[in-house]
Amino acid sequence: MQNSAPAAPVLCTFPGDKELQAALATFIVRAQKESIEKKGRFTVAISGGSLPHQLANLIDNPAVKWDKWQVFYADERVVPLDHEDSNHRLNTRELFDKVPLPAENIHTIDYALKDDLEELADAYEKELIREFAMKDSARFPIFDLVLLGIGPDGHTCSLFPGHALLSEEDRWVAYIEDSPKPPPRRVTLTFPVINHAARVAFVVTGAAKADTLHTVLDEPEKGLPASRVRPVSPGHLYWFLDEAAASKVQYPTTPFKF
């Protein structure tokens, strides 16, 4: 890990979904433009939950260069890709089916390896190596953007409170067989990968997450998994919250500049 102190998180709040989705799309397009200008492609890791719904303003957006995107999953449930629990199915239904993103640019798990989770995680790690290792010479892949949500318990990706995976320092992709939230079998990017990204953005809405967000943002010393997302320099961390989700957060907000 690099020694430079992580940059302070940037917290932006919005009255509701409409304003949040507009800002998030603007933020993503800016990140895409910078990445394509620098290296001709845009590497994104995306999770599930309510996040794909918040990407609605990317649909029919002429500024999005879908052919330049390379999409990976920040975590995935070990279920068939068309199963209702699959993050791939969710993202496909909410976004990918509605945009001209080439199918070969979406990197899914190989469900055929379901009976050996270590092999399945290794195979997904090799998919990352193919995309990153020859192009970005670093110990860990450097995603242009990682898009995450947060659970009521403060988990993100499939990194759960108190789980041994929180201290994984070497692997890029790890598996979990005992997720406290069903389904129990999953693969997930690890903290070193998330924290080497150029940009990480959490997108969280709704009053049900208010207490959790207060703990994550105002009491990071409690060590909830989402608090452990602190990209190493020169990476940056952003929070996109609606006012209901942010209602108990004391951390200072920054106005979003369109």
Side-chain angles (χ1 to χ4, degrees), residues 21-22 24-114 120-138 140-149 157-158 172-173 186-189 193-194 196-201 203 240:
Q21 289 173 10
L24 183 60
T26 298
F27 170 80
I28 292 171
V29 167
R30 279 184 199 150
Q32 170 205 258
K33 183 173 185 291
E34 191 178 305
S35 304
I36 292 171
E37 284 175 356
K38 194 183 292 182
K39 57 187 198 294
R41 71 195 204 286
F42 184 47
T43 54
V44 181
I46 189 170
S47 55
S50 59
L51 174 68
H53 171 71
Q54 301 297 347
L55 302 176
N57 280 38
L58 297 176
I59 299 165
D60 296 326
N61 185 330
V64 182
K65 312 298 182 195
W66 292 108
D67 60 316
K68 304 293 188 190
W69 285 46
Q70 294 291 335
V71 177
F72 292 81
Y73 288 103
D75 72 315
E76 181 56 288
R77 293 85 180 274
V78 182
V79 294
L81 295 178
D82 59 356
H83 189 280
E84 63 182 15
D85 287 334
S86 165
N87 282 342
H88 174 65
R89 179 178 185 260
L90 175 65
N91 278 281
T92 298
R93 188 180 71 228
E94 293 282 348
L95 181 63
F96 301 152
D97 271 351
K98 302 172 182 178
V99 299
L101 175 63
E104 63 270 20
N105 293 14
I106 307 171
H107 302 268
T108 62
I109 62 167
D110 183 356
Y111 182 68
L113 302 174
K114 67 184 186 300
L120 191 152
D122 283 346
Y124 203 62
E125 188 165 299
K126 284 181 181 135
E127 191 82 8
L128 284 168
I129 290 169
R130 270 194 292 278
E131 177 62 34
F132 288 97
M134 301 306 290
K135 298 162 184 164
D136 306 310
S137 55
F140 293 102
I142 299 174
F143 275 98
D144 296 313
L145 176 62
V146 177
L147 291 164
L148 299 175
C157 297
S158 286
W172 293 12
V173 180
R186 300 158 175 244
V187 294
T188 183
L189 298 182
V193 172
I194 298 165
H196 274 77
R199 303 164 198 81
V200 180
V203 184
F240 288 79

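Classification of the Phe42-Trp69 ring pair by plane angle, with boundaries at 30° and 60°, yields perpendicular. Ring orientation note: the planes of Phe72 and His107 are close to parallel, at an angle under 30° on the 30°/60° scale.
Taking all atoms of both residues into account, the shortest heavy-atom contact from Ala198 to Ile142 is N-CG2, 4.2 Å. Considering all non-hydrogen atoms of both residues, Pro141 and His196 come closest at O-CB, 3.7 Å. Annotation for Pro52 and Glu94: closest pair CB-CB, 3.7 Å, computed over non-hydrogen atoms.
Between the side chain of Glu125 and the backbone N or O of Val173, at least one donor-acceptor pair lies under 3.5 Å. Although no hydrogens or angles enter the test, the distance criterion places no donor-acceptor pair under 3.5 Å between the side chain of Ser86 and the main chain of Asp82. With hydrogens and angles disregarded, a donor-acceptor distance shorter than 3.5 Å links the side chain of Glu76 to the backbone of Asn87. Using modelled atom types, no side-chain atom of Asp97 and backbone atom of Arg93 make a donor-acceptor pair closer than 3.5 Å. Of the possible donor and acceptor atoms, one in the side chain of Asn91 sits under 3.5 Å from a partner among the backbone N and O of Ser47.
Between Phe240 and Phe27, a ring centre-to-centre spacing shorter than 6.0 Å is recorded. In this structure, Tyr124 has its ring center at least 6.0 angstrom away from the ring center of Tyr73.
Residues Arg89 and Glu84 meet the side-chain proximity criterion, which asks for heavy atoms closer than 4.5 Å. When side chains are defined from C-beta on, Leu55 counts as touching Ile46, because their heavy atoms get closer than 4.5 Å. Contact check for Gln70 versus Val44: no side-chain heavy atoms found under the 4.5 Å cut-off. Looking at Cys157 and Ile194, their side chains come closer than 4.5 Å, going by heavy atoms from C-beta outward. Asn105 has its side chain out of reach of Val71: every pair of non-hydrogen atoms, C-beta onward, lies at least 4.5 Å apart. Using a 4.5 Å cut-off on side-chain heavy atoms (C-beta onward), Val200 and Leu148 make contact. For the pair Leu128 and Phe143, the minimum side-chain heavy-atom distance is below 4.5 Å. In this structure the side chain of Val64 never reaches within 4.5 angstrom of the side chain of Val99, judged on heavy atoms.
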Requested in this report: Determine, stepwise, if the pair Ser158 / Asp75 fulfils side chain to side chain donor-acceptor pair (under 3.5 Å).
Outcome: CA-CA 6 Å; Ser158 286; Asp75 72 315; 2.7 Å; yes
Query raised in the report: Do Arg41 and Glu131 pass the side chain to side chain contact (heavy atoms under 4.5 Å, CB included) test, and can you show the C-alpha distance, the side-chain angles, and the key distance before you say yes or no?
Result: CA-CA 11 Å; Arg41 71 195 204 286; Glu131 177 62 34; 2.7 Å; yes
Report task. Evaluate the side chain to side chain contact (heavy atoms under 4.5 Å, CB included) criterion for residues Phe96 and Ile106: first the C-alpha distance (whole Å), next the side-chain angles of each, then the deciding distance (0.1 Å), finally the verdict. Result -> CA-CA 9 Å; Phe96 301 152; Ile106 307 171; 3.8 Å; yes
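To the nearest 0.5 Å, atom NZ of residue Lys65 and atom CD1 of residue Ile36 are 7.5 Å apart. Atom CZ of Arg186 and atom CZ of Arg77 lie 4.5 Å apart (nearest 0.5 Å). Expressed to the nearest 0.5 Å, how far NE2 of His88 lies from CG of Asp85 amounts to 14.5 Å. Taking CG of Leu95 as the start and CG of Leu90 as the end, the distance is 10.0 Å to the nearest 0.5 Å. Leu58 contributes atom CG, which lies 4.5 Å from atom CD1 of Ile28 (distance to the nearest 0.5 angstrom).
Between Lys38 and Asp144, no side-chain nitrogen of the basic residue sits less than 4.0 Å from a carboxylate oxygen of the acidic one, so the salt-bridge criterion is not met. Taking the charged nitrogens against the carboxylate oxygens, Arg30 and Glu34 have no contact shorter than 4.0 Å, which rules out a salt bridge.
Checking Thr92, Ile109, Asp110 one by one against Leu81, the side-chain contact (heavy atoms from CB on, under 4.5 Å) holds for a single residue, Ile109.
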